Amino acid sequence: MLREIPSHTLLTALMVLGLLTIALAKAIAPARFYDFILVLGNSKYLKIYSRDQKFLDYHDGFLFINLIVAISIFASIGLKCFSIIDTVTPALMIKLLFGSATFILAKVLLERLIASLFEIDDMIDRYLFQKISYKNYIGIILLPINAFLTFSVAPQKNLLYSVIILIFLLNVSGLITTFKGYQNEIKRNLFYFILYLCALEITPYIVIYSIIRTN
């Protein structure tokens, strides 16, 4: 049975873990990390590093760990703010960490499988790289936001909604950047790409929203 740990201590430990993974990503590839930090205003990172994708990439791997940690912390803050839970426990955080990682990884693997079936692997590989890059960037942005919500202010619903809108806008920005960069390929495979978006970019979030509302 897990020992009770004060929520601030637990969240602080996870934030330190997030900082550590970011530091490791920077230490592994300093030049790449600096290009990554400027990804919102500069397409250099996406153009250069999408060509050298690897199945196991330590730089992206460490940033992905931070993303999972940041999402889980923010989710726990939201659950507490909306009175869905009374306190943040180690058991809850394990569930959030495992659930977030499983959802994102399963979605990526399914996307690659469907892309293979539609024979649009190259385009989807580049699309997934850009999408994952933006998600990892959101993970870095969430780190100070989580610290602010944990230690500086009592989280309010309007404030959480504002953060959610910010995350949504960053995701949309990533999609627009991708569509602009590969609009010719998308036009040639428009039907399959629309099916892909409906099946894997819209439906999963509708299902999650329905589950949350039901509960």
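Values in this document were obtained by computation on a predicted structure and should not be read as measured data. Sequence positions, counted from 1, serve as the residue numbers for this chain.
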Working for side-chain contact (heavy atoms from CB on, under 4.5 Å), residues Leu46 and Tyr134: CA-CA 10 Å; Leu46 300 175; Tyr134 273 86; 3.9 Å; yes
What's the shortest heavy-atom distance between [X] and [Y], and which atoms?
X     : Y     : answer
Gly18 : Thr21 : O-OG1, 2.7 Å
Ile85 : Ser76 : CD1-O, 4.0 Å
Ala27 : Pro30 : O-CD, 3.8 Å

Quiz: residues 91-102 side-chain donor-acceptor pairs under 3.5 angstrom, not counting sequence neighbours:
{"unit_1": "Ser100", "atom_1": "OG", "unit_2": "Leu96", "atom_2": "O", "d": "2.8"}
{"unit_1": "Thr102", "atom_1": "OG1", "unit_2": "Phe98", "atom_2": "O", "d": "2.7"}

Rounded to the nearest 0.5 Å, how far apart are [atom1] of [X] and [atom2] of [Y]?
X      : Y      : atom1 : atom2 : result
Ile65  : Leu20  : CD1   : CG    : 9.0 Å
Ile22  : Leu24  : CD1   : CG    : 10.0 Å
His59  : Phe64  : NE2   : CZ    : 15.0 Å
Ile68  : Leu14  : CD1   : CG    : 12.5 Å
Leu79  : Leu160 : CG    : CG    : 10.0 Å
Lys135 : Gln130 : NZ    : CD    : 13.0 Å

Side chain to side chain contact (heavy atoms under 4.5 Å, CB included) against Ala13, all qualifying residues, sequence neighbours excluded: none
Residues which pass side chain to side chain contact (heavy atoms under 4.5 Å, CB included) with Ile37, listed by chain and number, not counting sequence neighbours: Phe33, Ile140
Within one Ile-Leu-Val-Met-Phe-Trp-Tyr cluster: Val69 and Val16, side-chain cutoff 4.5 Å: no
ILVMFWY cluster, Leu38 and Ile48 together (side-chain gap under 4.5 Å): no
Set of ring pair (Phe, Tyr, Trp, His ring centres under 6.0 Å) partners for Tyr45, sequence neighbours left out: Phe36, Tyr49, Phe129
With sequence neighbours excluded, residues passing ring pair (Phe, Tyr, Trp, His ring centres under 6.0 Å) with Tyr34: none
Side-chain contact test, heavy atoms from C-beta onward, threshold under 4.5 Å: evaluate it for [X] versus [Y] and give yes or no.
X      : Y      : value
Thr150 : Phe74  : no
Ile167 : Val163 : yes
Thr89  : Thr87  : yes
Phe62  : Ile28  : yes

Tyr161: partners by side chain to side chain donor-acceptor pair (under 3.5 Å), with sequence neighbours left out: none
side-chain contact (heavy atoms from CB on, under 4.5 Å) evaluation trace for Leu67 with Ile71: CA-CA 6 Å; Leu67 170 66; Ile71 289 174; 3.5 Å; yes
Side-chain donor-acceptor contacts of residues 142-149 below 3.5 Å, not counting sequence neighbours, with atom names and distances?
{"unit_1": "Asn146", "atom_1": "ND2", "unit_2": "Ala70", "atom_2": "O", "d": "3.1"}
{"unit_1": "Asn146", "atom_1": "ND2", "unit_2": "Leu142", "atom_2": "O", "d": "3.2"}

Worked check of side-chain contact (heavy atoms from CB on, under 4.5 Å) between Leu11 and Val88: CA-CA 9 Å; Leu11 296 184; Val88 178; 4.3 Å; yes
